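What follows is a short report on a single structure.
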Amino acid sequence: MKKNNSSIELKINSSKAVVNRKTVQIEAPGIKIGNSTMLPLSFLVEILEVKVTWDKATKTVWINT
């Protein structure tokens with residue numbers, strides 16, 4: 001995944017990620033559930049410096065880049 005000058009590499013079931021060619025520890029690994037891939041949102045938000053909004057009424061997360 002790339003945004004501006006940042007690149008992130010994640011492997012399913014790994015507790016490590018590569019951010020701009022540097023290996024870092026992440027709090028939760030990415031996992032596959034059926035045909036979906038679940039990634040650690042808090043980690044991605046922090047690295048990509050995006051804003052997250054929670055809509056309580058619809059139980060929806062909005063990620064603003």
Side-chain angles (χ1 to χ4, degrees):
M1 167 182 325
K2 292 184 179 186
K3 181 185 178 228
N4 298 330
N5 294 327
S6 296
S7 68
I8 302 170
E9 297 175 38
L10 294 163
K11 291 185 180 179
I12 299 299
N13 297 321
S14 176
S15 60
K16 295 182 181 175
V18 178
V19 178
N20 299 325
R21 299 184 185 164
K22 181 180 175 185
T23 301
V24 296
Q25 192 75 25
I26 56 177
E27 60 187 66
I31 59 172
K32 267 191 87 80
I33 299 176
N35 291 327
S36 297
T37 301
M38 306 295 177
L39 299 173
L41 183 60
S42 60
F43 169 75
L44 295 173
V45 166
E46 181 181 323
I47 297 300
L48 296 175
E49 298 177 347
V50 295
K51 182 180 177 188
V52 176
T53 306
W54 171 251
D55 184 331
K56 185 177 179 180
T58 62
K59 297 182 180 175
T60 304
V61 173
W62 294 95
I63 301 171
N64 304 303
T65 58

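Because the structure is predicted, anything quoted here is derived from the model rather than measured.
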Indicate the atoms forming the closest heavy-atom contact of Trp54 with Thr60, along with that distance.
CE3-O, 3.5 Å
Which atoms form the tightest heavy-atom contact between Ile26 and Lys16, and what is the distance?
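Looking at all heavy atoms of both residues, the shortest contact is CG1-N, 4.0 Å.
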Does atom NZ of Lys32 have more than 12 heavy-atom neighbours from other groups under 6.0 Å away?
yes
Other residues, nucleotides, ligands: >12 heavy atoms within 6.0 Å of Glu49 CD:
no
Compare all side-chain heavy atoms of Leu44 with those of Leu10 and state whether any distance is below 4.5 angstrom.
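Leu44 reaches Leu10 side chain to side chain.
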Heavy-atom side-chain proximity of Pro29 to Ile12 below 4.5 angstrom:
no
Linked, directly or transitively: [X] and [Y] (ILVMFWY side chains, under 4.5 Å):
{"X": "Leu41", "Y": "Ile8", "answer": "yes"}
{"X": "Val19", "Y": "Val50", "answer": "yes"}
{"X": "Leu39", "Y": "Ile31", "answer": "no"}
{"X": "Val45", "Y": "Met1", "answer": "yes"}

Looking at CG of Leu48 and CD of Glu46, how far apart are the two atoms once the value is rounded to the nearest 0.5 Å?
10.0 Å
One should read off an interatomic distance between Asn35 CG and Ile33 CD1, to the nearest 0.5 angstrom, of 11.5 Å
